[in-house]
Each structure stands twice: as structure tokens, then as C-alpha cells.
Amino acid sequence: MGRRAELEHQVAMAEKRLKEAPKDTPEDLRKIWEDEFVGLSLELNNFDDATSEEEDDK
């Protein structure tokens, strides 16, 4: 699995975790999950396929 596909999967899983979290989920845990989702989303949005392909070739 390439890095882009891995990031897409991680973003989808983080988003699903947030959407399906029980209403009584502690606020501090929800904040950690939100931060993780935002970080992964930013990494995916800034992902450079060309750089990734060069790294895969090494």
C-alpha cells in the first residue's frame, strides 16, 4: 500500500471514529481524536506524489 492510500485510509478511519463516538465519550479523548484527524488530513492535503515515488524507488 502506497503512502497516499495509507493516509487516505487513516483519515477515513479517524473520521469514522469521530462520527461514531458515543455521546458520553470524554471530551479530552474526543479532542485527541479530532487533533489526530486534523493532522492526518493536513498531511494528506500536503502530500506530494512525486516525492513519494522518489522515496519508493530508493
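Note that the numbering runs from 1 along the sequence shown for the chain.
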Looking at residues at least two apart in the chain, or sitting in another chain, which of them share a side chain to side chain donor-acceptor pair (under 3.5 Å) with Glu34?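 Listed in chain order: nothing, the list is empty.
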
Please name all residues satisfying side-chain contact (heavy atoms from CB on, under 4.5 Å) with Ala21, sequence neighbours left out, ordered by chain then number.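 Only Thr25, Arg30, Trp33 meet the side-chain contact (heavy atoms from CB on, under 4.5 Å) criterion with Ala21.
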
Hey, can you pull the donor-acceptor pairs under 3.5 Å for the side chains in residues 35-46, sequence neighbours left out?
residue, atom, partner, partner atom, Å
Asp35, OD1, Lys31, NZ, 2.9
Glu36, OE1, Arg17, NH1, 2.6
Ser41, OG, Phe37, O, 2.9
Glu43, OE2, Arg3, NH2, 2.6
Asn45, ND2, Ser41, O, 3.3
Asn46, ND2, Leu42, O, 3.1

